[in-house]
Amino acid sequence: MTFVPPESPSRLVALAAEDRTLRITRRSLRVLSLLLTGVLLLSVLMTIVIAQRQNREATEHDRQLLRQTWLARQESMLTDVRDYAFWGEAWRNLHVTLNKSWAWDQENLGPELYKEYHYDGVFVVDGQGRTRYALIDGRLSKLSLESWLGPQRAARLMRDARRLNHAALVRDMVIERQPAIVVAAPVSMGKAPNLPIVPGPPSIMIFVNLFTPEKLQALGRMLDVRALRAAASSSDAALEPRLLQATQDDQPVVLRWQSKMPGARLLALLLPVLAAMALVTGWIAHRVSRQAIRNAVLSDRRFAMLVISQQELANSEARFRDLAEAASDWIWETDEQGRLIYLSSRFQCVTGHTVADWTGKHIDRLLTHPSHSLVAWLMRQEENSSSAPLRCQFMSAQGERRIGHLVAKTIWHQERCVGFRGTVSDITQGMEAEARIHFLSHHDALTGLSNRLQLQAFLTRHLESPHSASPLAILSLDLDQFRQLNDTWGHRVGDQVLCQIAQRLQRSVAAHELAARLGGDEFVLVLQEDGPEAVAQRCTRLLQEVQLPVGAGQHVHYLTASIGIACAPQDASHPEALLRLSDMALNEARAAGRNRWVRYADNMASQHEQKREMAWRIEQALHNDEFCLHYQPRYQLQSGRLAGAEALIRWQPATGQPITPDRFIPLAEENGLIVAISDWVLARACRDASAWGADRYVSVNISPVEFRTTDLVQRVARALANSGLPATRLELEITENVTFEHPQQALEMMQGLRALGVRLTVDDFGTGYAALGYLKSFPFNGLKIDRSWMKDFPESPQAESVVAGIIALAHAFALTITAEGIETEAQLEQLKRLSCEEGQGYFLGRPVPLAAFTALLDATSHTSRIRA
Ligand code: C2E
Ligand code: MG
Ligand code: MG
């Protein structure tokens, strides 16, 4: 499966929130806002349009009304003129003759026409075009029609009117800037009989109605038309609202008025309402959109959280699945009765059983415990939520018994246990490894015998148990020649020998006893034997077992062993103490010549104690500077010249007698203190000798033990460097024993020392057991004949021939020979004769403190001769 690495939740939330709902909401809100704005604008537009239309309609209405009124006026004026003109009396009094009395006085055509009918001008023009009767503003006037209307208009009016036959005409005109309706009709006799007929054109009766500003205002008031007036100029006449009445002149009648503008009122009423609505709607929309965006962000966040949760859930599931598949453990689940309802796929890999085979079966059948019913144990988990895992067993499909660690948890649903689930780890391998580790930690890896830990535990168990009353014999067993065998034949052969000896020892002990190897060739046997004879018999048999030939490598080896015995409870009852005592007894067995057993005795402990005390005193002596050096002069025998001196250590404790080197050097070699002592001697001897003159050397004794440590060359080099003594003036005396313990290591060290420039001399030659061949193999410069050979020299021919032989041998190997322990002149003379090169002894000079030796140097510097 692909595991999607978890993104940071805040980033995912941000990403998701950026999308989806928020975008949709923003878009919807934008559309909604646009719609709202559109609706509002449309409303405003509609209102304006309606208002304009209302305005237009109101204007049109006024215009129609005015036109109607105008026409109605024309009509009524036509009626009036016809009534007056088609009248026999008018014919008789105005056409046939002009009877002003009839017309004016009798008021047939008099002032009432002005007062009642508002005719501003009333004219009667005869057939020749003369104005015979004129009323202007209700008063008789001499003015002619031409003067009123202008000659052209008057002539045209007359001409048109004369063409009429019993009809009237109406003309619109502008007279002195005032609109006017002019009606004209030929005067006729009407239906009156017996009227005189007058030839010629008829007289024409003309009524003029001038629309003065006052009349227009009155008309406007009557018609509810505001500020009705005549157009003041041609530009004014072009403006709306207007009523245009064409005339036969260039100048039309134009009425102007003020529109009532009902639309403006509508606008004034509706626009603030709409504006308020727009504001309120805008505010609400703003609030709603903010809320909507907030909700959208919230919803997107929730969605993102949901996505993340789902992702995490998926990851968690995948993780669980991977873990369940990859883990060495298998996962199980049961119902509340312990019937298996789920087993992870690892179950099959680990146990070899198929999941289907076990689903539905009781867990008790799969897993067993020697003392528990598993279901009962599971039930107990209910009460104890943190119980430890249970170690149980199951059988694999291959029939192997496996061990598992069962961990279980109760499944709760609504505070009711509905089942159990947990894991089983197969710990079989771990257990086996643990057992192996336990075995290895308690056994020696090479031989398989018990090791120190097991020995300790065994001893503790037997010694501390109140029931174990049987006595124990602890045998420390060491192979006598094992180190040489190892050095000679190598570690592989050594290991084979150790294994065979271990097997023999193991066979020699009973089941309730113990054979252990502590390391190297150190073995310990714990026997449960009663009585010294029985122990002695067992030891004898053990020594015989060891002595049997051992075949290892291509050779057969013959070994012996030394045994030290300590018994519990007689000697001690503590494991440590018993082992220490058996070790002491072993040392005694070794010291007594090996290949034997020695039982621990009380005095061994006291000797051991003495040695420990001595070791402590040596340490204190080093610390308190209780050592000093004496120098014993060495002479060249032929010339008698003082060649150098041997440094010999002296110990003068703060209290008590001086202690000779024979008493503390072997002990210091045993416990390792010899290294510290030797360092001190080297440093002091080099420092002292550096003041002795250019060609005198100092000879320092080095213990063979020091050749077992690895840093001898460095220590010597350090002493030389610190003192400034040239290496050629330092001689080291080494006993021949050094050559058979670790010969290879000793050889390498000697070569290192020679490389420094230091001289090496064999000390006490003739006392050791080394083969003469080592003189050739090791880089010695000289040898010192041990002083024991001087005892009978030169009296005994035997001693003399030995000394002479040694001297000849040394010469043969080109070694400088020094005779030790020269006590008599005879010895000196004889040695000279035998061509012995150098000598030292009480006869020549005893070991003396530095001051005395320096005085001797001074005394002999002149003679450079043996004082004797
Ligand atoms: P060594 O190296 O053989 O030292 C010579 C010993 O013989 C010295 O004894 C010396 O005093 C003694 N001696 C010298 N001339 C005569 C003589 O004419 N007759 C007799 N009877 N003895 C004579 P010392 O000083 O008691 O030393 C004993 C041994 O102690 C030395 O034997 C040496 O092995 C060891 N030793 C002494 N000093 C040191 C030291 O600084 N380091 C080490 N590792 N060993 C030392
Ligand atoms: Mg010596
Ligand atoms: Mg010596």
Side-chain angles (χ1 to χ4, degrees), residues 618 621-622 626-635 637 644-652 657-689 697-709 712 715-716 719 730-738 759-768 780-793 803 806 816-828 831 836 838-850 852-853 866 868:
I618 293 170
L622 273 170
E626 291 174 8
F627 292 109
C628 70
L629 287 183
H630 282 192
Y631 293 97
Q632 184 173 31
R634 238 161 88 177
Y635 291 92
L637 297 185
E646 180 179 3
L648 295 160
I649 193 163
R650 298 289 178 263
W651 180 7
Q652 178 59 64
Q657 294 294 311
I659 304 169
T660 59
D662 297 332
R663 281 182 56 205
F664 68 87
I665 290 290
L667 184 67
E669 285 176 338
E670 228 174 88
N671 58 29
L673 280 169
I674 188 67
V675 175
I677 292 174
S678 205
D679 276 342
W680 181 87
V681 173
L682 272 168
R684 182 61 62 92
C686 289
R687 194 190 73 189
D688 291 349
Y697 60 81
V698 65
S699 190
V700 173
N701 292 285
I702 295 291
S703 160
V705 174
E706 293 175 68
F707 280 81
R708 290 187 211 148
T709 61
L712 177 63
R715 287 166 48 214
V716 171
L730 176 66
E731 183 185 82
L732 301 180
E733 295 185 15
I734 311 153
T735 60
E736 54 194 310
N737 297 348
V738 80
R759 284 163 50 84
L760 302 177
T761 303
V762 186
D763 200 2
D764 302 339
F765 183 80
T767 52
F780 287 112
N781 300 88
L783 64 80
K784 290 174 85 174
I785 306 170
D786 187 67
R787 64 176 184 273
S788 58
W789 296 109
M790 289 296 132
K791 223 185 254 170
D792 304 324
F793 181 83
V803 171
I806 292 172
T816 311
I817 182 126
T818 307
E820 276 187 341
I822 303 172
E823 292 185 355
T824 62
E825 192 172 3
Q827 288 171 339
L828 176 67
L831 285 166
C836 178
E838 293 188 1
Q840 84 184 72
Y842 290 168
F843 178 72
L844 299 173
R846 286 179 175 265
V848 289
L850 176 68
F853 181 71
I866 300 168

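Both backbone and side-chain heavy atoms feed into the values below; hydrogens, waters and symmetry mates do not. As the structure lists them, so they are numbered: ligands from 1, and atoms in each ligand from 1.
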Fill in: For R759, side-chain hydrogen bond (donor to acceptor under 3.5 Å, both in side chains) partners two or more places apart
E731
Practice prompt. Return the residue, atom name and 0.1 Å-rounded distance of the protein heavy atom closest to atom 18 (O) of ligand 1.
Written response: Y842 N, 2.8 Å
Practice prompt. Just need the protein heavy atom nearest to atom 31 (C) of ligand 1, so name the residue and atom and give the distance.
Written response: L648 CD2, 4.4 Å
Fill in: ligand 1 versus V700: contacting region, heavy-atom distance under 4.0 Å
neither
Worksheet item: Can you tell me the protein heavy atom closest to atom 39 (C) of ligand 1 and the distance?
Response: I649 CG2, 3.7 Å
Worksheet item: Is it the side chain (CB and beyond), the backbone, both or neither of Q632 that lies under 4.0 Å from ligand 1, heavy atoms counted?
Response: side chain
Discussion item. Just to be sure I'm reading this right: ignoring hydrogens, which of R787, K791, E733 gets closest to atom 32 (O) of ligand 1? Compare them by their nearest heavy atoms.
Written reply: R787
Item to complete: May I ask you to say whether E646 pairs ionically with R787, meaning some side-chain N is under 4.0 Å from a carboxylate O?
Response: no
Worksheet item: Are a donor atom and an acceptor atom from the side chains of T660 and D662 found within less than 3.5 Å of each other?
Response: no
Item to complete: Report the part of R846 in contact with ligand 1, treating N, CA, C, O as backbone and CB onward as side chain, heavy atoms under 4.0 Å; options are side chain, backbone, both, neither.
Response: neither
Discussion item. Tell me the protein heavy atom at minimum distance from atom 46 (C) of ligand 1, and give that distance in Å.
Written reply: N701 CB, 3.8 Å
Discussion item. Looking only at distances, can you tell me whether any N or O atom of D764, backbone or side chain, sits closer than 3.5 Å to an N or O atom of ligand 1?
Written reply: yes
Discussion item. Please confirm whether R650 approaches ligand 1 to less than 4.0 Å, judged on its heavy atoms.
Written reply: yes
Item to complete: Could you name all protein N, O or S atoms found under 2.8 Å from the Mg ion (ligand 2)?
Response: E646 OE2, N701 OD1, E733 OE1, D763 OD2
Worksheet item: Looking at F627 versus F664, is the centre-to-centre ring distance below 6.0 Å?
Response: yes
Worksheet item: Going by distance only, is there an N or O of I665 that falls short of 3.5 Å from an N or O of ligand 1?
Response: no
Discussion item. Checking the side chain of E706 only, and the main-chain atoms of V675 only, is there a donor and an acceptor separated by less than 3.5 Å?
Written reply: no
Worksheet item: Which residue supplies the protein heavy atom nearest to atom 35 (C) of ligand 1, what is that atom called, and how far is it?
Response: P661 CB, 4.3 Å
Fill in: Test item, E646 contacting ligand 1 (heavy atom, 4.0 angstrom)
yes
Worksheet item: Among protein heavy atoms, which lies nearest atom 11 (O) of ligand 1, and at what distance?
Response: P847 CG, 3.5 Å
Fill in: Any D662 heavy atom less than 4.0 Å to ligand 1
yes
Worksheet item: For ligand 1, is any non-hydrogen atom under 4.0 Å from D763's backbone (N, CA, C, O), its side chain (CB onward), both, or neither?
Response: side chain
Practice prompt. Using distance alone, determine whether E823 and ligand 1 share an N or O pair under 3.5 Å.
Written response: yes
